[in-house]
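In what follows, chains are A, B, ... by sequence order, proteins preceding strands, each numbered from 1.
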Amino acid sequence: MKKKVLSKEEIGSNKGKKIVELVNDRDYLIAIVDGVPKDLSYVIKGNEKEIEIVDFDHPKGREAFWHTSSHILAQAVKELFPQVKLTIGPPIENGFHYDFYTGDNTFTPQDLEKIEKKAKEIIERNLEVVRMEISKEEAIRIFRDKGEDFKIELLNEIEDDKVSVYKQGDFVDLCMGPHILRTGLVKAFKILSSSSSYWRKDEKGPVLQRIYGISFPTEKELEKYLKKIEEAKKRDHRKLGKELDLFSYSEDIGAGLILWHPKGAIIRRIIENFMFEEHIKRGYLPVYTPHVGKKKLWEISGHLDFYRENMYPEMEFEEEEGYFVKPMNCPFHIQIYRSNLRSYRDLPLRFFEFGTVYRLERSGVLHGLARVRGFTQDDAHIFCTPEQVEDEIKGVIDFALFVLKKFGFKDYKVYISTKPEEYVGTDEMWEMATNSLIKASKEVNLSFEIAEGEGAFYGPKIDILIRDAIGREWQCTTIQFDFNMPERFNITFRDSDGRDKRPYMIHRALLGSFERFFGVLIEHYAGNFPLWLAPEQVRILPVSEKFMNYAEKVLDVLKREKIRAGIDAENEKLGYKVRKAEIQKIPYLFIVGKKEEEKEAVSVRKHGEGDLGIMEIRKVIKLLREEIESN
RNA sequence: GCCGGGGUAGCUCAGCGGUAGAGCAGCUGAUUUGUAAUCAGCAGGUCGUGGGUUCGAAUCCCUCCCCCGGCUCCA
């Protein structure tokens, strides 16, 4: 990484000069002047406190590089399709995109090829990228002449009457900048995909065509990036799920409904058992509830008002009230709460259930195990007094982090979502609840971001998102206050002063759902499950059929030790069986032949490490036990 | 739900107006195998669904279902 910081003296002595006069623009992309990113054409005033000049390896440098790349993309599109209207084109985490209004037209794959070619041509032209500050009126005139209606809409919202535009060749775009100085600096440029998007995120507004691209200062970096993407695709849980025979779906059953195959199911059960025990240890009480409930229940809960579009339609009967399959467990847990008069001495009450829910997600959002229509949450509802809220939240966060650690997750993001525009409950309740989330997070040194106004209407929440192989983030852990349900179902507890009061209700799921969590877990381990989770922990490979008897004997010992094992009895060469087992990512292979049988031993081969040599059975089992328990 | 791409044997894919093909997997046989693919033979498909165009459709058009990439929305 190249980075240059101008000293006070350098700033003073270069007053009136453009920064680009001090450095080579092939090495440096932009400058950060007193914390604000600027073009290298920035003229030094002399009174700046700090000027930092950065390259592509700096996030701000990269941003500018990709931002300029998005302008190059836009210029290419405008040259090929002059009738297309520009909207916006920001840099993103990996590359950039630009949204175009194309009326009834869309971009075909052939169009994208042409656009990429044209973009490369524009790069060849090595156009200077010039920043111009002009009056708002002038900008409006320019974009009106060009028919850029969307730009005018944006301009009308700018309060300043000075705006900046960037020009490269004949292409002009309204833009804050900064940008790199020449299109020729982009040595590698690739269009990755296209899709639609909505103007201003409004699905009722104009539909735009978005083109995604990536660019780098060298071809080599592009190749490296593309290779990384290829590698990531190999860990995709949908691919591994099929290859390792973990789960599937069936068109005949319906979209977003998961079939857990034996190998997937055993992993799930291990996770369930672990979670069940841990809940009990932490003072949760298990409950089981039905999958359907009467229409009336969902009227009281309010789901039929605010959640109906996500619910499977009503089951109607001739002589009885209709039923709905549950999209959430909360109304059921509330009923258990209501089944008794609750004293303040009973609180906190923590009901937990691996509750299966069904949500009619819109067809386009379904995604492997990560977004499905039927899933099982590791769900719990905590009912407590206001005084207990803080401790309860702390307990839940601690539990969540413990679970993530157990599965080896380190790369996650935490968001605390605050009060939205429309909400239920009092401001005091919101404030108290939100503060308890923030305070608890701070106490366990959890770094988080505040998502202003992103809370659900019924309460603030804290979410933990885990990244998948392709970099997409999935919300797993969620801890949400619910100010709505207790009110609607009018639940109370009898306090020490003999009066009935409203308890606080905290809804939480740690894994989120077994489906999504399993999907993320597969990608996290790239299918190489740690020994305690591996569906087949050991496979015994007899060198030939002659050693089947001994193999059976070894299998018996393993089974007695509760180690999940199998024998590959196929009439094949050893190399073939080893290859098959390696592809299936089986942690340990025990090879048995003449030497092994004589010594009551096995030859151990570990996945990813290879041959570990011959070992006595007793000894290997001890090692396996240790490895299983160490997790 | 929206925009685009796609659905051919269990899997990965070729064929894209003249009537269906490969590799792997499967089955059978031979081989009795020492750490990532032994050889041979056999079998396997109403080309996602329903309709249309055509003398003729896997191939062109439309409907629906499902999958993929995004958008919007969420565990």
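Nucleotides B:U32 and B:C39 have their C1' atoms positioned 14 Å apart, rounded to a whole Å. Here, B:C24 and B:C62 have their P atoms 39 Å apart, quoted to the whole Å. With both ends at atom P, the span from B:A25 to B:A37 equals 12 Å, rounded to whole Å. Nucleotides B:A75 and B:C2, compared at atom C1', are 23 Å apart to the nearest Å. The separation of B:G48 from B:C66, taken at their P atoms, amounts to 16 Å, rounded to a whole angstrom. Remark: the separation of the P atoms in B:A22 and B:U54 is 34 Å, to the nearest Å. On the C1' atoms, B:G7 is 11 Å away from B:U49, given to the nearest whole Å. Taking atom P in both B:G50 and B:A9, one finds a spacing of 16 Å when rounded to whole Å.
Across B:G7, B:G5, B:G34, the shortest atom-to-atom separation from the side chain of A:Pro109 is found for B:G5. Set against B:G1, B:G4, B:U32, the side chain of A:Ser363 has B:G1 as its closest nucleotide. Nearest nucleotide to the A:Glu251 side chain, out of B:G7, B:G34, B:U32: B:G7.
In this structure, the CG atom of A:Leu244 is 14 Å from the C1' atom of B:C11, given to the nearest Å. Rounded to a whole Å, the NZ atom of A:Lys242 is 9 Å from the C1' atom of B:C67. Distance A:Ile253 CD1 to B:C65 C1': 14 Å, rounded to the nearest Å. As rounded to whole Å, 17 Å separates atom P of B:G69 from atom CG of A:Leu112. Rounded to whole angstrom, the span from the CG atom of A:Asp99 across to the C1' atom of B:C3 amounts to 12 Å. Atom-to-atom, CG of A:Leu192 to P of B:G69 comes out at 14 Å; the value is rounded to the nearest Å. Atom CG in A:Asp568 sits about 14 Å away from atom C1' in B:U32, given to the nearest Å. Counting to the nearest Å, the P atom of B:U49 and the CG atom of A:Asp252 are 11 Å from each other.
Under the Watson-Crick or G-U wobble criterion, with both distances below 3.5 Å, B:G69 is paired with B:C3. The pairing partner recorded for B:C47 is none, the criterion being a Watson-Crick or G-U wobble arrangement whose two distances lie under 3.5 angstrom. Pair assignment for B:C39 gives B:G29, based on Watson-Crick or G-U wobble hydrogen-bonding distances that are each under 3.5 Å. Of all nucleotides present, none satisfies the Watson-Crick or G-U wobble test against B:A9 with each distance under 3.5 Å. Nucleotide B:U54 has no partner under the Watson-Crick or G-U criteria, as no pair reaches both atom distances under 3.5 Å.
Residue A:Lys573 places none of its side-chain N or O atoms closer than 4.0 Å to OP1 or OP2 of B:U35.
Using a cutoff of 4.0 Å between basic side-chain nitrogens and carboxylate oxygens, A:Glu230 and A:Lys234 are not scored as salt-bridged. A salt bridge between A:Lys117 and A:Glu113 is absent, with no side-chain N of the basic residue lying under 4.0 Å from a carboxylate O of the acidic one. The pair A:Lys413-A:Glu449 fails the salt-bridge criterion, with no side-chain N (NZ, NE, NH1 or NH2) lying under 4.0 Å from an Asp/Glu carboxylate O. Electrostatic pairing of A:Arg605 and A:Asp611 does not count as a salt bridge here, judged by no charged N lying under 4.0 Å from a carboxylate O. Salt bridge present: A:Asp236 and A:Arg238 bring a charged side-chain N and a carboxylate O closer than 4.0 Å.
Across all strands shown, A:Lys577 has no heavy atoms under 4.0 Å from either base or sugar-phosphate atoms. Residue A:Glu572 is in base contact, counting any heavy-atom pair closer than 4.0 Å across all strands shown.
Between A:Phe247 and A:His261, the gap from one ring centroid to the other reaches at least 6.0 Å. With ring centers used as reference points, A:Phe517 lies 6.0 Å or more from A:Phe375. Aromatic ring centres of A:Tyr98 and A:Phe96: separated by at least 6.0 Å.
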Polar-atom pairs under 3.5 Å, protein N or O versus N or O of nucleotides 22-29 of chain B: list them with distances, or write none.
from, atom 1, to, atom 2, distance (Å)
B:A25, OP1, A:Tyr576, OH, 2.8

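Residue whose closest nucleotide on RNA chain B sits further toward the 5' end, between A:Gln209 and A:Gly593: A:Gln209.
A:Lys190 places no side-chain N or O within 3.5 Å of a backbone atom of A:Gly213 that could act as its donor or acceptor partner. Looking at A:Arg359, its side chain never comes within 3.5 Å of a backbone N or O of A:Gly374 through a donor-acceptor pair.
Shown here is A:Arg200, whose CZ atom has more than 12 heavy atoms of other residues, nucleotides or ligands within 6.0 Å.
Between A:Phe407 and A:Phe274, the angle of the ring planes goes over 60°, which puts this pair in the perpendicular group of the 30/60° scheme.
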Protein-proximity profile, nucleotides 70-75 of chain B, B/S/- by nucleotide at the 4.0 Å heavy-atom cutoff, equals BBBBBB
